[in-house]
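These notes concern the structure reproduced below.
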Amino acid sequence: MTQLGTERPHLPSSEPRRLSGLDRWFKISHRGSTIGREVRGGITTFVAMCYIVLLNPLILGASADITGAKLTTEAITTATALAAGVTTILMGLVGNAPLALAAGLGVNGVVAFQMAPAMTWAQAFGLVVLEGFCIVLMAVSGVRERIINAIPMALKVAITVGIGLYIALVGLVSAGFVTRTPDSAQSTVPVRMGIAGHLEGWPIAIFCLGLLLMIVLVSRGVPGAVLISIAVATGLAVLVNSVFHLEGWGLVEPKVPDQVVAHPDFSLLGDIDLFGGFGSAGAVTAAVFLFTLVLSGFFDAMGTITSVSEEAGLVKNGKVEGMGRILLVDGAGALAGGVTGSAPNTVFLESAAGVGEGARTGLASIVTGGLFTATLFLTPIAAIVPAQAAAPALVVIGGMMMAQCARIPWRDLDFAIPVFLTIALIPFTYSITNGIGAGLVAYVLIKICKGKIREIGWILGILAAVFGVYFGIEGIMSWF
């Protein structure tokens, strides 16, 4: 499949170009990229995901721990930017992959609304650190990579397609193009277009204009298409908002900030209690929390890493280049999230936006990580880009990832339904883990019922059993 931004630089045949140390270290030319594309890709990824610096404090700050204590916005913002900056730079240096990390959405909700009410914040972040240790041990031992390699290629492709739909849906929802139907409406339709089924207002108009511009620029192969579109949409949003003083932008209102520099608050750094949660919440409850964190962190990252790497052309013979190092950094990200107090850090889907802009190496991650680090002091500037300006990148990249459908053996009934469940449940349940689990369970069940147990392998058998426990965890908990 042709990838956006993968055209290789033309080198004179008689005079081979002398590569710089930076180029050799990150294999930039080898992967068909340029330093310019890597920088653009890194900036694009940051712009697409910098909302997490504002959103994570809202989620973690909305809950109180068992003592009634709440975290301050300043402390969570600092922790979020610090962890994202450090772990993303680490991914660039160690993993050499265009993958950015930050506090994981969904799992931060588990920390805030399930774990914290049963223990102190220090104990909750202690369990997050333990999760990181577990994932790092699996990465170092090679267990995690063996599990990933054991999954059939058709299901891996399905994960990429499902995540493509997920990315597009996230973009449409964050822009307000798709909204949830209120339960009070007594409707059987769970989502709708715009507000009350109609598109109205300048914020939606900005999203549509940005999306159309991005589609045109991408289709014409314009260098920097994604970043240009985001910048134009942001500028237009700031202009329109300054004139009409609009509402409906969501989390980020596009306006020129009153100040540029903000002072970081490092009060959460290192404030952890590794094993206290087992005493406060009980051994069984704490163990279930830890199990949920590990399983979600493991498979969410696996799906994202595989799909984004596929788009970046880093998958050879079904395996991601440098997967061992990438998984090690991802595990370290979960650990760093606990130490800093920002929730487990994991690879973000929005990394695909940078890949769509041409990012192919870890240099892009260093650019993204550097911008997150700068955000420690420049939070007001990061708050300028509204979701309506950044969301088109997710929709366009999600659409590009759908092209992987051509590689799925739809006529093979051993794969058809498991693949469909994987693709459908990732966006429909807003969970990569749920989609992967459902697909694996269905695949193993079909093989067993057809008498093809030997084709499963012990790794997939264990995974299916683990996901069986995962899906039935509430019922299992009711026995205790």
Side-chain angles (χ1 to χ4, degrees), residues 47-63 103-110 112-113 161-215 229-230 233-234 236-238 240-241 244-255 300 348-350 352-353 383-399 401-402 423-432 434-435:
V47 170
M49 63 182 285
C50 65
Y51 68 86
I52 191 63
V53 177
L54 306 173
L55 183 57
N56 197 43
L58 291 181
I59 295 174
L60 293 183
S63 182
L105 291 174
V107 71
N108 58 359
V110 173
F113 304 116
V161 175
I163 289 178
L165 286 174
Y166 185 19
I167 289 176
L169 182 58
V170 168
L172 292 170
V173 170
S174 64
F177 193 95
V178 172
T179 61
R180 181 185 295 109
T181 302
D183 294 337
S184 60
Q186 301 297 313
S187 172
T188 58
V189 180
V191 293
R192 62 191 175 186
M193 184 175 69
I195 302 299
H198 303 285
L199 300 178
E200 56 181 287
W202 271 107
I204 293 297
I206 296 296
F207 166 75
C208 293
L209 291 173
L211 178 60
L212 293 175
L213 175 62
M214 192 174 297
I215 289 172
S229 302
I230 293 175
T234 299
L236 184 58
V238 171
V240 169
N241 191 55
F244 298 106
H245 305 288
L246 304 168
E247 296 182 352
W249 294 106
L251 181 64
V252 177
E253 180 182 355
K255 62 180 181 179
D300 273 19
F348 256 53
L349 291 169
E350 284 80 356
I384 296 176
V385 182
Q388 290 78 7
L394 303 184
V395 176
V396 170
I397 301 305
M401 294 172 70
M402 289 294 295
I423 293 173
L425 290 182
I426 288 177
F428 290 166
T429 66
Y430 249 58
S431 170
I432 299 172
N434 290 345

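Predicted, not measured: the structure shown is a model, and the values here were computed from it.
Closest approach of Leu60 and Ala112 over heavy atoms only: CD2-CB, 3.9 Å. The two atoms that bring Ala175 and Ile204 nearest to each other are O-CD1, 3.3 Å, heavy atoms only. Closest approach of Phe207 to Gly171, counting heavy atoms only: CE1-O, 4.4 Å. Across Ser229 and Gly210, no two heavy atoms sit closer than the pair CB-O, 4.1 Å. Across all non-hydrogen atoms, the minimal contact from Ala389 to Thr234 is CB-OG1, 3.3 Å. Considering all non-hydrogen atoms of both residues, Gly162 and Pro427 come closest at O-CD, 3.9 Å.
Listed by chain and residue number, nothing satisfies the side chain to side chain contact (heavy atoms under 4.5 Å, CB included) test with Leu212 (two or more places apart in sequence, or in another chain). Residues satisfying the ring-ring contact (aromatic ring centres under 6.0 Å, His included) criterion with Tyr430, sequence neighbours excluded, are Tyr166. The side chain to side chain contact (heavy atoms under 4.5 Å, CB included) search around Leu209 returns Leu236, not counting sequence neighbours. Applying the side chain to side chain contact (heavy atoms under 4.5 Å, CB included) criterion to Ile195, with sequence neighbours excluded, gives Thr179. Residues forming a side-chain hydrogen bond (donor to acceptor under 3.5 Å, both in side chains) with Glu350 (at least two apart in sequence, or on another chain): Tyr51. Annotation: side chain to side chain contact (heavy atoms under 4.5 Å, CB included) contacts of Ala424 (sequence neighbours excluded): Phe420, Phe428.
Put simply, the side chain of Ser174 never gets that close to the backbone of Ala391: no donor and acceptor are under 3.5 Å apart. A donor-acceptor pair under 3.5 Å links the side-chain atoms of Asn241 to the main chain of Leu246, judged by distance alone. Checked by atom type and distance alone, the side chain of Asn56 never pairs as donor or acceptor with a backbone atom of Ala103 at under 3.5 Å.
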List the steps, then state whether side-chain contact (heavy atoms from CB on, under 4.5 Å) holds for Val173 with Arg180. CA-CA 8 Å; Val173 170; Arg180 181 185 295 109; over 6 Å; no
Would you sort out whether Val178 and Arg192 count as a side-chain contact (heavy atoms from CB on, under 4.5 Å), showing the intermediate values? CA-CA 6 Å; Val178 172; Arg192 62 191 175 186; over 6 Å; no
Evaluate side-chain contact (heavy atoms from CB on, under 4.5 Å) for Ile426 paired with Asn434, printing each intermediate quantity in order. CA-CA 6 Å; Ile426 288 177; Asn434 290 345; over 6 Å; no
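Going from atom CE of Met49 over to atom CG of Leu349 covers 10.0 Å, rounded to the nearest 0.5 Å. Met402 CE to Ile423 CD1: the interatomic distance, rounded to the nearest 0.5 Å, is 6.5 Å. Ile206 contributes atom CD1, which lies 12.5 Å from atom CG of Leu211 (distance to the nearest 0.5 angstrom). The CH2 atom of Trp249 sits 13.0 Å away from the NZ atom of Lys255 when rounded to the nearest 0.5 Å. The distance from atom CG of Leu172 to atom CG of Leu165, rounded to the nearest 0.5 Å, is 10.5 Å. Atoms SG and CD1, on Cys50 and Ile384 in that order, are 9.5 Å from each other to the nearest 0.5 Å.
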